[in-house]
Amino acid sequence: MMNFRKTGILAGLALGVSVLALNAYASEATVPPVPAEFPAEGKIKYVARDSILEFKALPEYHEPDWVTKNFVAAGKLPPVKDRLPKEPMVFKTGNMPDGIGVYGDTMRHVIGGRPEGWNYGAGQTQGWGGIDIGLSECLTRTAPLFQVEAKDTEPLPNLAKSWDWSADGHKLTMHLVEGAKWSDGAPFNADDIMFYWDDEVIDPNVSPLGGGASPEAFGAGTTLKKIDDYTVEWTFKEAFPKQYLYTMSYPNFCPGPSHILKPQHPKYSKNTYDQFKNAFPPEFMNMPVMGAWVPVEYRSDDIIVMRRNPYYWKVDEKGNQLPYLNELHYKLSTWADRDVQAVAGSADISNLEQPENFVASLKRAAEKTAPARLAFGPRLIGYNLRMNFSANGWGNPDERGQAIRELNRNEDFRKAVTMALDRKAIGDSLVKGPFTAIYAGGLSSGTSFYDRNSTVYYPFDLAGAKAELAKAGLKDTDGDGIVNFPAGTLGGKNVEIVMLITNQYTTDKSLAEGVVAQMEKLGLKIVINGLDGTKRDDAHYSGRWDWLIQRNTTELSSVVQNTEQLAPVGPRTSWNHRAGKDDKLDLMPFETELVDVVNKFTTSQSNEERVNLMKQYQKISTEHVNTVGLTEYPGALIINKRFSNVPQGTPIFMFNWAEDSVIRERLWVAADKQGKYELFPEQLPGKPGDKGPIN
Ligand code: GLA
Ligand code: CA
């Protein structure tokens, strides 16, 4: 069938859609221009939150025949009913786009990252692209909420199958799924939760992946204790801080297997913290997980293979143990290759997020013979230039670095930078057409909390920008085109700023080059420090940077997810302002206002008030140039047509990435469409640390 919307986009591209030239004298702060209309293609089918899943016992349970025959009948594995919890999670058929599925086949991913190891809780990356999302199960889950009306929204239960608040709202009792097991058959219980909290989150020497799981992300003074094997109790200083239910989802509360991790932790062994972190290198196979697939094969720079978890604790309404898919692949390649392979059909899924690949991908996907579906969602992918606001020692800057921090904290300087950016040109350098929009910074225009009239935009105005720079005390005293520090600072040298970026994405590099060129016209010399993902994150979180370019994270695309990252509400919650050596934050007045707004939002019980608070947030944040917006645009989910149960309109990014929003454990492939991609047919994960799967 012809997709008219897609044809429309292509036609628009052919005509070279042009937007009126910007008013050359516009230097007054205003609201951002109305972006070119970009109709999201897959319309989301909204559902009630409780129509997605429930926990209950079913009269019978099933598994793939080969598991029964080769493993259960051979005495290698207990019967499926004994491997499942008392009341497994049941996905409701009514919420499945194509209904109950069949077993078999593989989902082939391509990723640009590389695994550091399997110790997620100690901060190791597995290479992104949905790999850690699939391994980790968290107390709550939010990715599927994109299909739930905002007013109905509260995180879905997951490892915590239910919870209740005390009458005064200060205590939250969580009931864990009872009798669930890790993929090696060891029991999952409150000890896993407590190990994660006490020895990973609270222990200052360990920081879980994502950078957000610091104790203050759950509120200052919050405590957690075990009541019994399947009950834990939170105590909060504030009443009813329901916002933390979001913090308990990915990536911040996804406990690892304490029976394997604890013996390596320095508190319980002779290991150093470094040895603990590195105790499970990529070669360590069959790491126990609560997720639907277990890593069984790793070939460096080639592939990671996962096989189905025989103890997975989720089923469909007929009692079929999930997942339907037997195997997952993660080819270790590049992010750009992910798009190419997904549209070509040699891989199965991609988040089309790099505009440089839009046109070629759209053209291929519009062909009748295209193996993959491609559907654009709302404009939720955005980029910000962030300035390091710490002047009290985060990252231990030298004299030059410290002088840049002082500049970053100068509002005239920030205005100069934002006014010197020609965002239309930046967007067009990524892709021509109706995709990119002028982004002033702050909340993403794709979130329901966005309010254009509360957004302060400083239009492109180079002369005005230069005047702001002069106000900040910067002049080109030696006439080489680059402004100099005042004589008393660094001997009046040229101002030179180091900008941290990841070098694994074409888009990040294109944006960085655009910023460098435009800043040069302003009179600022920017030096790019491009690092691979892991090293870049290390440099970022340890504060060793002046400026950085960052793809937006969930607090800007959803507001309710990772809300604490919207402002420096704690010593380690903000992306660009963390505490110095004395663990203190040297907040600027507008940041104190932002913190106040975010804290109120976190504990507010009224939707109307929350909407208003986010209007205030947006106003303060954009007026004071808390972040320098660069561009924003929609992304498209590319997924092979043979998969069933892909929810219509799944955005590639909202509460989480699409790899989680599509609910992979529920995806299936009709028998006559199944590919022969399984590398380890009829095999299951072996013992932790053993080489490869078993049969
Ligand atoms: C990377 C990719 C995203 C997404 C995430 C998942 O960041 O660029 O598209 O796959 O990994 O963690
Ligand atoms: Ca100079």
Side-chain angles (χ1 to χ4, degrees), residues 29-32 34-35 142 145-146 148-155 212 216-217 219 238-247 249 252 377-384 386 418 437-458 550-570 573-577 587-629 632 651 653-656:
T30 169
V31 293
V34 180
T142 56
L145 292 180
F146 75 86
V148 176
E149 293 279 11
K151 58 173 175 13
D152 195 20
T153 287
E154 176 168 284
E216 59 271 13
E238 308 282 345
F240 296 108
K242 294 196 178 156
Q243 194 52 46
Y244 298 132
L245 291 169
Y246 288 88
T247 322
S249 72
N252 288 335
R379 273 199 186 86
L380 283 166
I381 307 294
Y383 276 87
N384 273 292
R386 291 182 186 267
T418 201
I438 293 208
Y439 172 47
L443 304 182
S444 158
S445 70
T447 140
S448 56
F449 286 99
Y450 175 77
D451 176 42
R452 181 166 160 262
N453 289 320
S454 305
T455 306
V456 180
Y457 169 56
Y458 298 97
Q550 188 180 19
R551 191 176 63 191
N552 285 349
T553 40
T554 39
E555 76 282 8
L556 298 176
S557 63
S558 80
V559 175
V560 291
Q561 184 75 44
N562 296 10
T563 309
E564 76 284 352
Q565 291 174 336
L566 284 171
V569 296
T573 68
S574 145
W575 293 115
N576 60 322
H577 197 172
L587 298 184
M588 294 178 270
F590 84 89
E591 292 182 289
T592 308
E593 286 177 48
L594 289 179
V595 165
D596 207 49
V597 169
V598 171
N599 283 338
K600 281 200 188 117
F601 179 90
T602 303
T603 48
S604 166
Q605 305 304 314
S606 142
N607 271 335
E608 200 191 320
E609 187 189 34
R610 281 155 70 96
V611 166
N612 278 324
L613 285 164
M614 276 304 130
K615 287 185 182 171
Q616 286 176 40
Y617 176 89
Q618 182 73 344
K619 176 111 199 311
I620 301 164
S621 171
T622 52
E623 183 177 339
H624 297 279
V625 200
N626 182 43
T627 66
V628 181
E632 61 176 6
F653 189 58
M654 195 182 277
F655 297 95
N656 197 355

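As the structure is a computational prediction, the values presented were derived from the model and not from experiment.
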For residues [X] and [Y], determine if any side-chain heavy atom of one lies less than 4.5 Å from a side-chain heavy atom of the other.
{"X": "V560", "Y": "R610", "answer": "yes"}
{"X": "E555", "Y": "T573", "answer": "no"}
{"X": "E216", "Y": "E564", "answer": "no"}
{"X": "Y457", "Y": "T30", "answer": "yes"}
{"X": "V569", "Y": "V595", "answer": "yes"}
{"X": "L443", "Y": "L566", "answer": "yes"}

*Under the side-chain hydrogen bond (donor to acceptor under 3.5 Å, both in side chains) test, which residues partner Y617, sequence neighbours left out?*
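Partners of Y617 under the side-chain hydrogen bond (donor to acceptor under 3.5 Å, both in side chains) test: none.
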*side-chain hydrogen bond (donor to acceptor under 3.5 Å, both in side chains) with S557: which residues, sequence neighbours excluded?*
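Once residues adjacent in sequence are excluded, S557 has no partner under the side-chain hydrogen bond (donor to acceptor under 3.5 Å, both in side chains) criterion.
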Side-chain donor or acceptor of [X] paired with backbone N/O of [Y] under 3.5 Å:
{"X": "Q243", "Y": "T603", "answer": "no"}
{"X": "N562", "Y": "Q565", "answer": "no"}
{"X": "S604", "Y": "K600", "answer": "no"}
{"X": "S621", "Y": "Q618", "answer": "no"}

State the [atom1]-[atom2] distance between [X] and [Y], to the nearest 0.5 angstrom.
{"X": "L145", "Y": "M654", "atom1": "CG", "atom2": "CE", "value": "10.0 Å"}
{"X": "M588", "Y": "N626", "atom1": "CE", "atom2": "CG", "value": "7.5 Å"}
{"X": "I620", "Y": "D596", "atom1": "CD1", "atom2": "CG", "value": "8.5 Å"}

*asked:* Would you say that more than 12 heavy atoms from the other residues, nucleotides or ligands in this model lie under 6.0 Å from the CD of Q605, or not?
replied: yes
_More than 12 heavy atoms from other groups under 6.0 Å of CD on E238_ = no
*Verify side chain to side chain contact (heavy atoms under 4.5 Å, CB included) between N252 and Y246, making sure each step is shown before the conclusion.*
CA-CA 9 Å; N252 288 335; Y246 288 88; over 6 Å; no
_Test of understanding: with ring pair (Phe, Tyr, Trp, His ring centres under 6.0 Å), list the residues that count as partners of Y439, not counting sequence neighbours._
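Counting only residues at least two positions away or on another chain, Y439 forms no ring pair (Phe, Tyr, Trp, His ring centres under 6.0 Å).
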*According to the interplanar angle, ranging from 0 to 90°, do the rings of F449 and F601 count as parallel (below 30°), tilted (30 to 60°) or perpendicular (above 60°)?*
perpendicular
*After noting the C-alpha distance and the side-chain angles of N656 and F146, does the key distance pass the side chain to side chain contact (heavy atoms under 4.5 Å, CB included) rule?*
CA-CA 9 Å; N656 197 355; F146 75 86; over 6 Å; no
*Could you tell me whether the side chains of Q561 and S249 share a donor-acceptor contact shorter than 3.5 Å?*
yes
_Contact summary for P32 and R452, nearest pair of heavy atoms_ = O-NE, 2.7 Å
*Take N576 and Q550, measure what side chain to side chain contact (heavy atoms under 4.5 Å, CB included) needs, and give me the verdict at the end.*
CA-CA 10 Å; N576 60 322; Q550 188 180 19; over 6 Å; no
*Let me know which of N384, T553, N552 forms a side chain to side chain donor-acceptor pair (under 3.5 Å) with W575.*
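Single pass found, and it is T553.
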